[in-house]
Asker: 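One structure follows; several queries about it will come next.
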Amino acid sequence: EFNWKRDAVCPRQATPGEAVNKFTLLLHWSTTEDQMYIEDPFDLSHNLAAKCTPTGKRRILGAFRDAYMELVKSACWKNISRMRSVNNGYFLKFRIHQRIT
């Protein structure tokens, strides 16, 4: 089970079966144990979940759970890219800083 209090979602450093400790990443000084950490692969100084609301956390966990279940069922990454939220039409939403183009 993923330990959100200690670990981060970090595609850049991910290896199968190994967790990435969020307190070793670039923004570790501004991260709390209760905060989710999802590293932005395009801006390493940006934690995509830094200001995540409880509703946002539920959306993220739901999207991860749905993707996991689809992979267990079909083992096909293409199916994941076709998934959309029934209610919203998107996977997740977040603000993009003006510096990102």
Side-chain angles (χ1 to χ4, degrees):
E1 174 132 345
F2 193 84
N3 183 344
W4 286 101
K5 291 185 180 288
R6 182 194 64 218
D7 301 328
V9 174
C10 181
R12 177 177 60 94
Q13 293 184 16
T15 56
E18 297 290 324
V20 175
N21 185 308
K22 68 182 176 183
F23 299 108
T24 65
L25 296 174
L26 190 59
L27 293 177
H28 72 277
W29 51 268
S30 66
T31 301
T32 67
E33 199 175 74
D34 295 326
Q35 191 176 44
M36 294 173 83
Y37 196 117
I38 303 174
E39 185 181 69
D40 184 336
F42 304 105
D43 179 1
L44 303 182
S45 66
H46 184 209
N47 173 5
L48 294 172
K51 296 180 181 179
C52 199
T53 65
T55 300
K57 285 182 181 182
R58 283 192 299 278
R59 284 185 187 145
I60 290 169
L61 294 175
F64 286 164
R65 189 178 312 106
D66 293 347
Y68 171 77
M69 296 306 292
E70 183 59 39
L71 285 172
V72 167
K73 183 174 76 176
S74 69
C76 180
W77 282 99
K78 287 183 182 179
N79 292 346
I80 302 301
S81 66
R82 292 185 197 117
M83 292 173 62
R84 293 287 180 260
S85 168
V86 173
N87 298 325
N88 319 56
Y90 52 79
F91 282 119
L92 304 171
K93 63 180 181 178
F94 55 90
R95 289 184 185 90
I96 302 214
H97 193 277
Q98 289 177 309
R99 295 179 303 164
I100 306 299
T101 58

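All values derive from a computational prediction rather than experimental measurement. Values reported hereafter were calculated over all heavy atoms of this structure, with side chains retained and with hydrogens, waters and symmetry mates removed.
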Asker: Do any N or O atoms from the side chain of Gln35 and from the backbone of Ala50 form a donor-acceptor pair under 3.5 angstrom?
Answerer: yes
Asker: Can you see which heavy atom on Cys10 is nearest to which on Glu39, and at what distance?
Answerer: SG-OE1, 3.0 Å
Asker: Tell me, please, which residues at least two apart from Phe2 pass side-chain contact (heavy atoms from CB on, under 4.5 Å).
Answerer: Trp4, Asp7, Val9
Asker: Crowded around Arg12 CZ? As in, over 12 foreign heavy atoms under 6.0 Å?
Answerer: yes
Asker: In terms of hydrophobic clustering (I, L, V, M, F, W, Y; side-chain heavy atoms under 4.5 Å; direct or indirect links), are Leu61 and Tyr68 co-clustered?
Answerer: no
Asker: Could you check if a side-chain atom of Leu25 sits within less than 4.5 angstrom of a side-chain atom of Gln13, using non-hydrogen atoms only?
Answerer: yes
Asker: Stepwise, does the side-chain contact (heavy atoms from CB on, under 4.5 Å) test hold for Asn47 with Lys22?
Answerer: CA-CA 10 Å; Asn47 173 5; Lys22 68 182 176 183; over 6 Å; no
Asker: I'd like to check the side-chain contact (heavy atoms from CB on, under 4.5 Å) partners of Cys52; sequence neighbours left out, ordered by chain and number.
Answerer: Ala49, Lys57, Ile60
Asker: If every non-hydrogen atom of Thr24 is compared with every non-hydrogen atom of Asn21, which pair is closest and at what distance?
Answerer: OG1-O, 2.7 Å
